[in-house]
Structure formats: C-alpha cells, structure tokens
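Residue numbers begin at 1 in each chain, while the letters A, B, ... track the order of the sequences.
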Amino acid sequence: MSEGVKTGDEIPELVKHPTTRQLVQYAGASGDFYEIHYDQDFARRVSLPGVILHGLLKAGYLGQLLTDWIGDRGTLKSFDVSYRGLDVPGKPYRCRGRITKVEGKDVELEVWGEDENGQKTTLGSATVQLS
Amino acid sequence: MAATDVVDRIKAHIGKTQEPVTATVEAGHLKRFAEAIGDPNPRWREEAPPTFLVAIAPTSYHLDEAEQYGKGWLNGGNRFEYLEPVRVGDRITATGKVADVYEKSGSSGNLLFIIFETEYTNQHGRTVARLRGTAIRR
C-alpha cells in the first residue's frame with residue numbers, strides 16, 4: 001500500500017557513530033582487509049588523513065536506513081551508492097533519504113550520507129516495491 | 001614500466017569471467033555482519049541484509065596487476081540489484097567479471113577506473129542479485 005508515501009517526503013533519518021573498533025569489526029565480517037581501514041600509518045602513507053570508513057560500511061548504513069523505513073511494507077529492488085568523500089571514525093555519520101517518485105506500488109528514493117558539516121559524502125538511490 | 005603498458009594489461013581483462021566462488025550463508029556470519037553495521041533488526045538472523053553478499057563471496061577487486069598503477073585503491077560506488085531474498089543456509093555462487101577499465105584525469109593526477117560486475121546465484125540456479133562496483137586506483 002502506497003498510502004502515506006508521497007514524493008518529496010523525507011524518511012526517518014539514522015545517525016551512526018562509527019568507531020575504529022567498528023571498522024575492524026566490518027573488516028572481519030566483510031573480508032575486506034585493506035589496511036586503510038585499520039592501520040593509521042598505512043593510511044597516511046597513501047595520503048589519507050588516517051583510517052577511513054569502508055565505502056561498503058556506509059552503504060550498509062544506508063541499507064539499514066532503507067530497510068528500517070520499508071519494514072514489512074515492501075521489498076528493496078535496487079540500491080545504488082556513489083562515494084564522493086572520505087569519512088573518518090569518531091565523527092557522526094548521518095543517513096537521510098527522500099521519496100522522489102511514487103508510481104502505483106513502485107517507489108523511488110534518493111538517499112545520502114552526511115558528515116558532521118552537512119557535506120554529502122555519499123549519494124545514492126533506491127527502488128522499492130510496496131506489497 | 002610505463003603507465004600505459006599497465007593500463008593496456010589491465011584492459012586485457014575486460015569481459016573475462018573470474019573463477020566463481022561458492023559459499024553457504026551462515027547464521028553466525030550474518031550476525032557478525034549485522035553487528036558490524038550496527039543494525040539490530042532481528043530480520044537479519046534469518047535473512048541477508050542489503051549489502052551482505054559482498055561478504056559471502058568477496059569479489060576481490062584486487063586485480064593484482066592494477067596495484068602497479070597509482071598507490072592506493074578507492075571504492076567509487078556500488079550498485080545492487082535484488083531479485084530474490086537470500087536466507088541462512090542458501091548456497092550462493094558469485095561469478096564476477098571486469099566489465100570496463102578506463103583512465104580519467106583528476107585534480108591530483110590520473111585515476112584508473114575498474115568496473116566489476118558480479119552475479120550471485122543460489123543453490124536452485126536462480127540469480128538472486130547482481131552487483132556492479134567501481135574500483136579506483138589513485
């Protein structure tokens with residue numbers, strides 16, 4: 001049912017507080033052991049400010065934003081994420097989304113992640129089919 | 001070695017399918033993955049959350065030869081397409097290929113873009129998801 005789902009509406013936001021511990025957890029759980037996510041010296045040697053969040057961890061956060069909103073009302077059909085900026089642990093990461101199109105049971109959304117300065121470091125979109 | 005030689009050798013991988021990787025979706029793995037994201041939804045005890053498939057069969061973008069270009073990897077983006085839910089006990093086969101390789105000039109020098117595409121099938125031979133990823137060497 002697409003009742004109450006309108007173009008332009010924002011969905012409830014999700015604020016994450018990533019830590020270095022969480023980056024190590026994500027490295028282990030995902031199998032992505034690239035050192036820029038847990039080795040400060042390595043990260044600086046490749047000209048990064050220090051260890052940074054995995055792009056796919058940020059995608060995981062935005063996935064949570066979407067599935068929290070969808071609940072049991074429908075199914076996530078596609079999800080596209082583009083990483084535009086670096087995010088570091090110890091800073092809040094704010095996940096937001098907005099409905100961009102509703103056509104029958106098909107809903108399109110834009111989603112994005114913001115750093116603490118409100119800079120959109122991750123841009124994405126999703127399609128959802130309501131049941 | 002000249003950068004153009006490296007780019008040519010990486011481009012030679014375009015269209016080539018990598019060795020498929022098969023793994024079973026385990027409840028403990030799902031739990032660790034959901035905990036790493038910090039997603040407490042009880043649904044993920046039984047079902048894979050949206051980005052989980054990258055973990056079950058990492059489609060390693062570590063195309064070794066690409067490491068001769070630039071000094072580090074960046075993830076440019078990921079696109080997931082979902083056809084069927086993935087649940088605990090499913091046996092998933094990931095088949096990846098390099099879809100495209102191209103160079104772009106950026107503000108701090110050239111970048112090499114490597115586009116990977118992975119198709120995930122389950123134990124019934126049905127495609128459950130597709131993933132397109134952009135890996136960048138800088």
To the nearest 0.5 angstrom, please state how far the [atom1] atom of [X] sits from the [atom2] atom of [Y].
X        : Y        : atom1 : atom2 : result
B:Leu83  : B:Glu119 : CG    : CD    : 8.5 Å
B:Glu26  : B:Lys31  : CD    : NZ    : 13.5 Å
A:Gln129 : A:Ile70  : CD    : CD1   : 11.0 Å

Answer with side chain, backbone, both or neither: which region of [X] has an atom nearer than 4.5 Å to a non-hydrogen atom of chain A?
X        : value
B:Arg43  : side chain
B:Asn41  : side chain
B:Arg132 : neither

Where the side chain of A:Gln40 meets the backbone of A:Val51, is there a donor-acceptor pair that is under 3.5 Å apart? yes
Would the distance check show the side chain of B:Arg138 and the main-chain N or O of A:Val46 forming a donor-acceptor pair, the cut-off being under 3.5 Å? yes
Within residues 112-122 of chain A, the residues sitting under 4.5 Å from chain B by heavy atom, in sequence order, are none
Counting heavy-atom pairs under 4.5 Å to chain A, which of [options] comes out on top?
options                    : answer
B:Thr51, B:Ile37, B:Leu30  : B:Ile37
B:Gly76, B:Pro50, B:Gly72  : B:Gly76
B:Arg130, B:Lys71, B:His29 : B:Lys71

Using a 4.5 angstrom heavy-atom cutoff, name the option from [options] with the most pairs to chain B.
options                             : value
A:Leu66, A:Thr67, A:Leu123, A:Leu57 : A:Thr67
A:Ala27, A:Ala29, A:Ala126, A:Ser82 : A:Ala29
A:Gly60, A:Gly55, A:Gly28           : A:Gly60

Flag the pair A:Arg98 and A:Glu110 as a salt bridge only when some basic side-chain nitrogen lies within less than 4.0 angstrom of an acidic carboxylate oxygen. yes
For B:Thr93, the side-chain hydrogen bond (donor to acceptor under 3.5 Å, both in side chains) test, sequence neighbours excluded, returns B:Thr22
Sequence neighbours left out, what passes side-chain hydrogen bond (donor to acceptor under 3.5 Å, both in side chains) with B:Arg91? Give chain and number order. B:Thr24
Which bit of A:Asp72 is near chain B, if near means a heavy-atom gap under 4.5 Å: side chain, backbone, both or neither? neither
Answer with side chain, backbone, both or neither: which region of A:Ser47 has an atom nearer than 4.5 Å to a non-hydrogen atom of chain B? both
Does A:Tyr83 have A:Lys58 sitting over its ring (NZ/CZ under 6.0 Å from centre, angle to axis within 45°)? no
Residues, nucleotides or ligands: over 12 heavy atoms within 6.0 Å of A:Glu10 CD: yes
Contacts of A:Tyr93 that satisfy ring pair (Phe, Tyr, Trp, His ring centres under 6.0 Å) - sequence neighbours left out: A:Tyr61
